A.B. asks: 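Please read through the structure below; I'll follow up with questions.
Predicted model only: the values in this text are computed from it and were never measured. To find a chain, count down the sequence lines: A is the first, B the second, and so on, and within it residues start at 1.
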Amino acid sequence: MPELPEVETTVRGLVPVLEGHRLVQVEARRADLRRAFPPDLRQRLTGARVTSLGRRAKYGLIATDRGDTLIFHLGMSGKWRIDPDALGAHDHFLLETDEGRRLALNDARRFGSLDLVRSDEVPAYEPFVKMGPEPLSDAFSAPYLLGALDGRSAPIKAMLLDQRIVAGLGNIYVCEALHMAGIAPTRAAGRISLMRLERLVEAVKIVLAAAIEAGGSTLRDYARPDGELGYFSKQWRVYGREGEACACGTAIRRRVDSGRSTFFCPRCQRS
DNA sequence: ACTGGGACCTGCCAGC
DNA sequence: TGCTGGCAGGTCCCAG
């Protein structure tokens with residue numbers, strides 16, 4: 001579920017519950033997700049007030065007045081449940097605020113992560129160190145991409161999924177952006193012209209912004225008890241649509257590389 | 001250094 | 001109904 005737009009939507013949904021509020025209960029119901037939780041997680045968070053929330057790539061950031069930042073990653077199946085009616089087997093980490101609002105970090109596959117770092121050390125947080133620019137920032141531009149992809153023979157799809165090139169894209173939005181830009185996913189990344197990279201950068205920004213917009217429009221649904229953060233409307237043009245007609249009328253194709261599905265239109269997306 | 005492939009873990013769904 | 005195989009939105013590690 002969670003690529004950049006879903007994490008952004010999640011963070012926005014957490015803001016009204018957490019921002020400005022004190023954490024009165026903190027409970028880890030297991031010791032790890034993909035990595036071990038910090039051993040002093042509970043001690044450092046209990047009693048702390050949340051000062052701000054943010055996002056870097058697919059990571060959510062929750063800063064406290066004690067100078068700590070809780071960094072979460074939702075992996076493939078993670079989500080925050082708000083005021084859950086009952087806890088389930090996959091509710092791994094719990095928070096309760098001074099207002100009595102309760103949050104459960106639920107992650108069936110446990111590919112997610114939870115870390116706590118000093119806020120001034122966030123830029124040095126290991127996953128962030130070699131990360132590329134935010135795709136919605138001005139730093140993610142065609143000239144930047146041209147330089148970053150120079151000499152690379154790997155397919156453009158693989159390069160867009162590489163968080164060191166650009167941080168926050170996943171399988172869905174890469175497929176969608178390549179389709180919008182009319183570029184074949186298998187095209188060698190280093191052999192794409194500046195003009196076509198302009199279209200690609202533009203497509204990435206449009207696709208992500210539209211997904212965030214769609215997520216934002218469903219935010220009100222999260223306000224109800226037992227709401228789950230992270231869902232968004234599925235308005236994909238190619239992803240998950242193998243065999244269906246592209247806007248051009250051609251059947252959308254699916255290919256699999258090392259277990260990963262790529263959806264594309266063989267007519268609209270030329271190499 | 002770059003590239004491609006597989007591992008990690010659980011749940012769900014189509015097909016038999 | 002019950003089993004099996006295939007599939008899933010992300011990283012990380014390894015071998016060539």
Side-chain angles (χ1 to χ4, degrees), chain A residues 1-11 29-37 55-60 71-81 88-93 105-115 125-132 135 147-179 185-191 204 207-208 210-212 214-215 218 228-243 253-264:
Chain A
M1 177 178 307
E3 294 185 38
L4 184 154
E6 290 69 48
V7 179
E8 179 65 29
T9 298
T10 294
V11 167
R29 301 179 78 213
R30 55 178 296 126
D32 62 78
L33 284 175
R34 216 156 69 66
R35 291 188 295 275
F37 293 156
R55 176 191 61 74
R56 172 72 173 112
K58 301 172 194 170
Y59 292 81
I71 305 180
F72 66 85
H73 192 292
L74 298 174
M76 294 274 261
S77 57
K79 53 185 170 272
W80 283 98
R81 304 174 64 217
H90 303 302
D91 291 318
H92 306 307
F93 179 72
L105 178 61
N106 181 288
D107 186 357
R109 293 175 74 181
R110 305 204 303 272
F111 286 172
S113 65
L114 206 51
D115 286 299
Y125 179 57
E126 164 57 26
F128 294 168
V129 173
K130 291 179 179 172
M131 220 172 232
L149 301 178
D150 183 45
R152 305 296 295 268
S153 62
I156 183 62
K157 189 204 175 197
M159 292 294 92
L160 292 177
L161 287 172
D162 187 336
Q163 305 295 296
R164 293 168 299 187
I165 304 286
V166 56
L169 296 181
N171 206 33
I172 293 175
Y173 297 112
V174 163
C175 289
E176 293 296 308
L178 286 170
H179 178 259
T186 48
R187 171 82 187 178
R191 292 192 224 125
V204 165
V207 160
L208 292 181
I212 290 171
T218 63
E228 294 180 354
L229 292 179
Y231 284 99
F232 59 97
S233 324
K234 301 179 180 180
Q235 297 167 347
W236 305 319
R237 300 206 198 172
V238 285
Y239 187 86
R241 295 186 174 278
E242 180 183 19
R253 296 247 286 269
R254 169 176 174 263
R255 56 174 284 141
V256 179
D257 300 288
S258 59
R260 283 291 182 277
S261 288
T262 301
F263 298 89
F264 64 102

A.B. asks: Within less than 4.0 Å of OP1 or OP2 of B/dT3, is there a side-chain N or O belonging to A/Arg152?
C.D. replies: yes
A.B. asks: Does C/dG9 have OP1 or OP2 under 4.0 Å away from a side-chain N or O of A/Tyr239?
C.D. replies: yes
A.B. asks: If you count every heavy atom of other residues, nucleotides or ligands that lies below 6.0 Å from A/Arg187 atom CZ, does the total exceed 12?
C.D. replies: yes
A.B. asks: Starting at CZ of A/Phe128 and ending at P of C/dT11, how long is that distance when rounded to a whole Å?
C.D. replies: 11 Å
A.B. asks: For the pair made of CD1 in A/Ile165 and C1' in B/dA1, what is the distance, rounded to whole Å?
C.D. replies: 13 Å
A.B. asks: If I take atom CD in residue A/Gln163 and atom C1' in nucleotide C/dT11, what distance separates them, rounded to the nearest angstrom?
C.D. replies: 9 Å
A.B. asks: Would you mind classifying the nucleic acid contact of A/Pro5 as base, sugar-phosphate or nothing, using non-hydrogen atoms under 4.0 angstrom?
C.D. replies: nothing
A.B. asks: Which nucleotide in the list C/dG9, B/dC8, C/dT11 gets nearest to the side chain of A/Tyr59?
C.D. replies: C/dT11
A.B. asks: Could you give the CZ-to-P distance, from A/Arg110 to C/dA8, as a whole number of Å?
C.D. replies: 21 Å
A.B. asks: Which residue, A/Glu6, A/Glu3, A/Glu8, forms the salt bridge (Lys or Arg N to Asp or Glu O under 4.0 Å) with A/Arg55?
C.D. replies: A/Glu8
A.B. asks: When rounded to the nearest Å, what value does the distance between C1' atoms of C/dG9 and B/dT3 take?
C.D. replies: 23 Å
A.B. asks: Out of curiosity, A/Leu169 CG to A/Leu4 CG, how far, rounded to the nearest 0.5 Å?
C.D. replies: 7.5 Å
A.B. asks: If you measure only the distance, is there a donor-acceptor pair under 3.5 Å linking the side chains of A/Lys157 and A/Thr262?
C.D. replies: yes
A.B. asks: Taking A/His92 for the side chain and A/Asp107 for the main chain, is one N or O donor matched with an acceptor at less than 3.5 Å?
C.D. replies: yes
A.B. asks: Is there side-chain contact between A/Met159 and A/Arg152, with heavy atoms separated by less than 4.5 Å?
C.D. replies: yes
A.B. asks: Separation of A/Asp162 atom CG from B/dC2 atom P, in whole Å?
C.D. replies: 10 Å
A.B. asks: For A/Lys58 and C/dT11, is the shortest distance between a side-chain N/O and OP1 or OP2 below 4.0 Å?
C.D. replies: yes
A.B. asks: Just call it for A/Arg254: base, sugar-phosphate, or nothing, with non-hydrogen atoms closer than 4.0 Å on any strand.
C.D. replies: sugar-phosphate
A.B. asks: Within less than 4.0 Å of OP1 or OP2 of B/dC9, is there a side-chain N or O belonging to A/Arg34?
C.D. replies: no
A.B. asks: Has A/Phe111 got its ring stacked on C/dT11, by the test of a centre gap below 5.5 Å and a plane angle below 30°?
C.D. replies: no
A.B. asks: Rounded off to whole Å, could you give me the CG-to-C1' distance for the A/Asp32 and B/dC9 pair?
C.D. replies: 12 Å
A.B. asks: Provide the distance between the two P atoms, one in B/dG5 and one in C/dC7, to the nearest whole Å.
C.D. replies: 16 Å
A.B. asks: Rounded to the nearest angstrom, tell me the gap between atom CZ in A/Arg241 and atom C1' in C/dA8.
C.D. replies: 17 Å
A.B. asks: Answer with yes or no after comparing the ring centroid distance for A/Phe72 and A/Trp80 against a 6.0 Å cut-off, counting only values under it.
C.D. replies: yes
A.B. asks: Here's a test of your reading of the structure: between A/Asp257 and A/Arg109, which maps to the more 5' nucleotide of DNA chain B?
C.D. replies: A/Asp257
A.B. asks: With distance as the sole criterion, is a donor-acceptor pair present between the side chains of A/Arg34 and A/Ser113 under 3.5 Å?
C.D. replies: no
A.B. asks: Roughly, in whole Å, what's the span from NZ in A/Lys157 to P in B/dG5?
C.D. replies: 12 Å
A.B. asks: For a quick check, tell me whether the side chain of A/Arg260 and the base of C/dT11 share a donor-acceptor pair closer than 3.5 Å.
C.D. replies: yes
A.B. asks: For A/Ser153, report the nucleic acid contact type (base, sugar-phosphate, nothing); a contact means any heavy atom under 4.0 Å.
C.D. replies: sugar-phosphate
A.B. asks: In this structure, which stretches of DNA chain C are paired as stems of three or more consecutive Watson-Crick or G-U pairs, both distances less than 3.5 Å?
C.D. replies: B:2-8 with C:10-16, B:10-16 with C:2-8
A.B. asks: Taking OP1 and OP2 of B/dC9, is either one under 4.0 Å from a side-chain nitrogen or oxygen of A/His90?
C.D. replies: no
